[in-house]
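These notes concern the structure reproduced below.
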Amino acid sequence: MTTITAKPGNGRVVLVVGSGGREHAIAEAVARSPRVSRLLVTPGNGGTPGERFGVASSDIAGLVELAVREGVDLAIIGPEVSLEAGVVDALTRAGVQAFGPTASLARIEASKAHARRLATRLGIPQPRHAVFAPGDEDAALEWVRRVGVSIVVKQSGLAAGKGVSLPDDHPSVVVAVHDALTHGEKVIEERLSGPEYSLIAFCDGRTARALPLAQDHKRVLDGDQGPNTGGMGAYAPANPSADVAALCRKFIDPIVADAASQGTLYVGMLYAGLMWTANGPRLLEWNCRFGDPEAQVLLSLLDTDLIEVVEACLAGALETVPIRLRTSSAVGVVVASAGYPGELVPTSSRAVVTLGAPQGAAHLFHGATEMVDGVLVANGGRVVTVVGIGADLAEARDHAYQAASGVRLAGSHYRRDIAWRAPGLAVASYKAAGVDIEEGNRAVSLLKSSVASTTNHRVLRGVGSFGGAMDVSFLKEFDHPVLVASTDGVGTKVELAARLGRVRGTGMDIVNHCINDVLVQGARPLFFLDYVASSRLDASRVAEIVDGMSEACRVSGCVILGGETAEMPGVYAPGAFDIAGTLVGVVERDDLLPRPTVSVGDVLVGLASNGPHTNGYSLLRRVFAWASPDHAYGRLDRSLADALLEPHRSYLPVLGPILRDTRLKALVHVTGGGLVENVPRVLPQGLDATIRLGSWPVPALFSLVAELTTMDPAELHRALNMGIGMVLVVAREDASAIREKLGENSWIIGELVPSDGHAPCVRLVGR
Ligand code: AMP
Ligand code: GLY
């Protein structure tokens, strides 16, 4: 129990009536007020601050007696039962100021029939409805038949959110009507559909000022399933673009004005439950008090001293007080006992509520809790409300659920989807969801001309079609045409390229990588299709990438037949992109590589790589994480960025002329896995390769990596190409003739040796 210590000046003695989460939130706000010297709460709960008393909310005489005895200056009434029973009238008569409407005005909540009549009289938008007394079953059923729409049957009196049934077919309508009539007067109304919002306003008898809209979650289960409850969670601001002042003028002000015109002032909270229908907001109900759990959420956002506002209301001077709200958002999650909202599941021992330390941005409001012998126990349905505060709803929601997971109560449950409607409301277009179709179209128009530069008369359908089409009748001239296809990606080199803003080369990378993959099977490229994906589409960047692809295709006589540009927010990291491609080539069946002539004694002829190509970038990015990309390191003759981003070369120009030469037995593209993993891919069973380290000059970038890391040679030659990007397998006696035909430097880097029967492998020797 917290006793609010006396504060300087003439502090008020304030009594808060009620025992739920709402009253805990009100009591917390009162306790914060510098105008208050003493806080009394009755009956309160296991968590309310202030001095607790045992007078029940419905015991009007007891409440008056308590207030007078303790010298209460101001009573704030939480629950509707006290208001309906006339607590404000009684306290006022006893000379105690009370915040809340009189019993006659509280009928706006206590009698749904009265509320509907009032709304009709004041022209407030609401569903079609009719009021029936017990014995009127036939008339009620006749009304239902006549309006011919789905309906809602409501008990007219207070029912804690449980007096409403929404029958789905005629037999259940009959049952609902009969059931409801046994409870007295009832309202039958047209069943509307749409999201619901709680419009809650401070009223001073003449004017009203609404808080931001809140949204409650009345059903017990996720997905708004299961029976109605008092409220399983709420958030605010909900529907931030709604004009709250205009809603207040439509749904709240007329009530305040009407009461005043009849000589009674509506002072207190007035709550309009609204449904957003296709035809605009409609009134579902009024409540004569704060909502629960809306109060927990809204009071967590209120920055003005609650007592200042309440006193202004009581003085009819609400307009003089600024109602300031924090610029944050709040999400409240109600943790309920097992069985709620039905009969609570009895537990053998009394349930113990353990409160996980609320994070800095979470508040915890008790509802049905009690302290028993120093132990906090649950004694009802809605046990606690945890409210998360955050800069936006997403952050608030995270904080709320972090706090909720700290509440330990056997068998308890809470909804995991509080505020589920909010994200959708922020989405007015596909663009708002992160996908910009116009930017996609711009990308296509930008890349069209570079793609067109690769095309030829054989292309029948290209970019923009559902699929590419190519006339391959020329294959009739082949004896035995074989299509060779390869799909690959650029790998994490794209991360470096994106970071350094140099993406064109990655377009060349993917094409040349794929060309080399089909080339080593003896095939020449025919057509290529690409895939570029990014978190956020940047048409110019896509065009630059495709331009790189087009250049690589052009020089190799390959056509870009189609592609895909994907915008995938939430899949790729912001700023990141990914590239993949598929290339199809063609080869005469007799020229397919490797040839069956690969044998012991053949030599391996290496051709230079012009960089790491598209492999080993996860390693390279790590090794050079702290180096300056714009500077040369070690023996590099250019900047690190230039060395790392050098586009993968195509070996088609150098190998094209000898592809059909039968002396060329096999080709190895040194890709992921380096020489160690790739050479064995062309070896028949029974052969191993020996590769002599030092037989070719290792480029500066690779020797720098060898120097910087602690990798052994095998590991280095597995991760990186180490300067050899392509390997030819030829008979030793043909090596010099073939090498001469290549027209560029090459090295004999090893030979094939017999193996002892295990799967083919590479042995690194020397150095
Ligand atoms: P009430 O106590 O009148 O607010 O009703 C409880 C709940 O029943 C509301 O929050 C709605 O979800 C639902 N409800 C009440 N009236 C209607 C209506 N006319 N059309 C559709 N749903 C309604
Ligand atoms: N949260 C709904 C109510 O307080 O009536």
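As the structure lists them, so they are numbered: ligands from 1, and atoms in each ligand from 1.
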Proximal candidate to atom 3 (O) of ligand 1 [heavy atom criterion; set Lys154, His129, Arg191]:
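It is Lys154 that holds the nearest heavy atom.
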Which option out of Glu196, Lys112, Glu190 puts a heavy atom nearest to atom 11 (C) of ligand 1?
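Minimum heavy-atom distance to atom 11 (C) of ligand 1 goes to Glu196.
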Run the numbers for me: atoms of ligand 2, each under 4.0 Å from some heavy atom of [X], listed by number.
X	answer
Glu294	1 (N), 2 (C), 4 (O)
Asp216	1 (N), 2 (C)
Gly230	1 (N), 2 (C)
Asn287	5 (O)

Would [X] and [Y] count as having a side-chain donor-acceptor pair, cut-off 3.5 Å?
X	Y	result
Thr120	Gln126	yes
Tyr271	Glu294	yes
Arg22	Gln296	no
Ser19	Asn45	no
His24	Glu28	yes

Answer yes or no for Gly291: is there a heavy-atom contact with ligand 2 below 4.0 Å?
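Judged by the 4.0 Å heavy-atom criterion, Gly291 does count as contacting ligand 2.
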Close-contact set for ligand 1 against [X] heavy atoms, below 4.0 Å:
X	value
Glu189	16 (N), 17 (C), 18 (C), 19 (N)
Val164	2 (O), 5 (O), 6 (C), 8 (O)
Leu192	18 (C), 20 (N), 21 (C)
Pro127	19 (N)

Lys218 N/O to ligand 2 N/O under 3.5 Å:
no
Below the 3.5 angstrom mark, is there an N/O of Asp292, backbone or side chain, next to an N/O of ligand 2?
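Among all N and O atoms of Asp292, at least one is under 3.5 Å from an N or O of ligand 2.
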Is any N or O atom of Met275, backbone or side chain, closer than 3.5 Å to an N or O atom of ligand 1?
no
Take atom [atom1] of [X] as the centre, draw a 6.0 Å sphere, and report whether it contains more than 12 heavy atoms from other residues, nucleotides or ligands.
X	atom1	value
Gln262	CD	yes
Glu319	CD	no
Lys218	NZ	yes

Just by distance, do the side chain of Ser111 and the backbone of Arg107 share a donor-acceptor pair under 3.5 Å?
no
Measure the distance from atom 3 (C) of ligand 2 to every protein heavy atom, then report the residue, atom name and distance (to 0.1 Å) of the closest one.
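Nearest neighbour among protein heavy atoms for atom 3 (C) of ligand 2, to 0.1 Å: Arg289 NH1, 3.5 Å.
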Look at ligand 1 and say whether Gly273 reaches it with a heavy atom at a distance under 4.0 Å.
no
Listed by chain and number, what are the side-chain contact (heavy atoms from CB on, under 4.5 Å) partners of Arg206, not counting sequence neighbours?
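If we apply the side-chain contact (heavy atoms from CB on, under 4.5 Å) test to Arg206, skipping adjacent residues, the hits are Asp204, Leu265.
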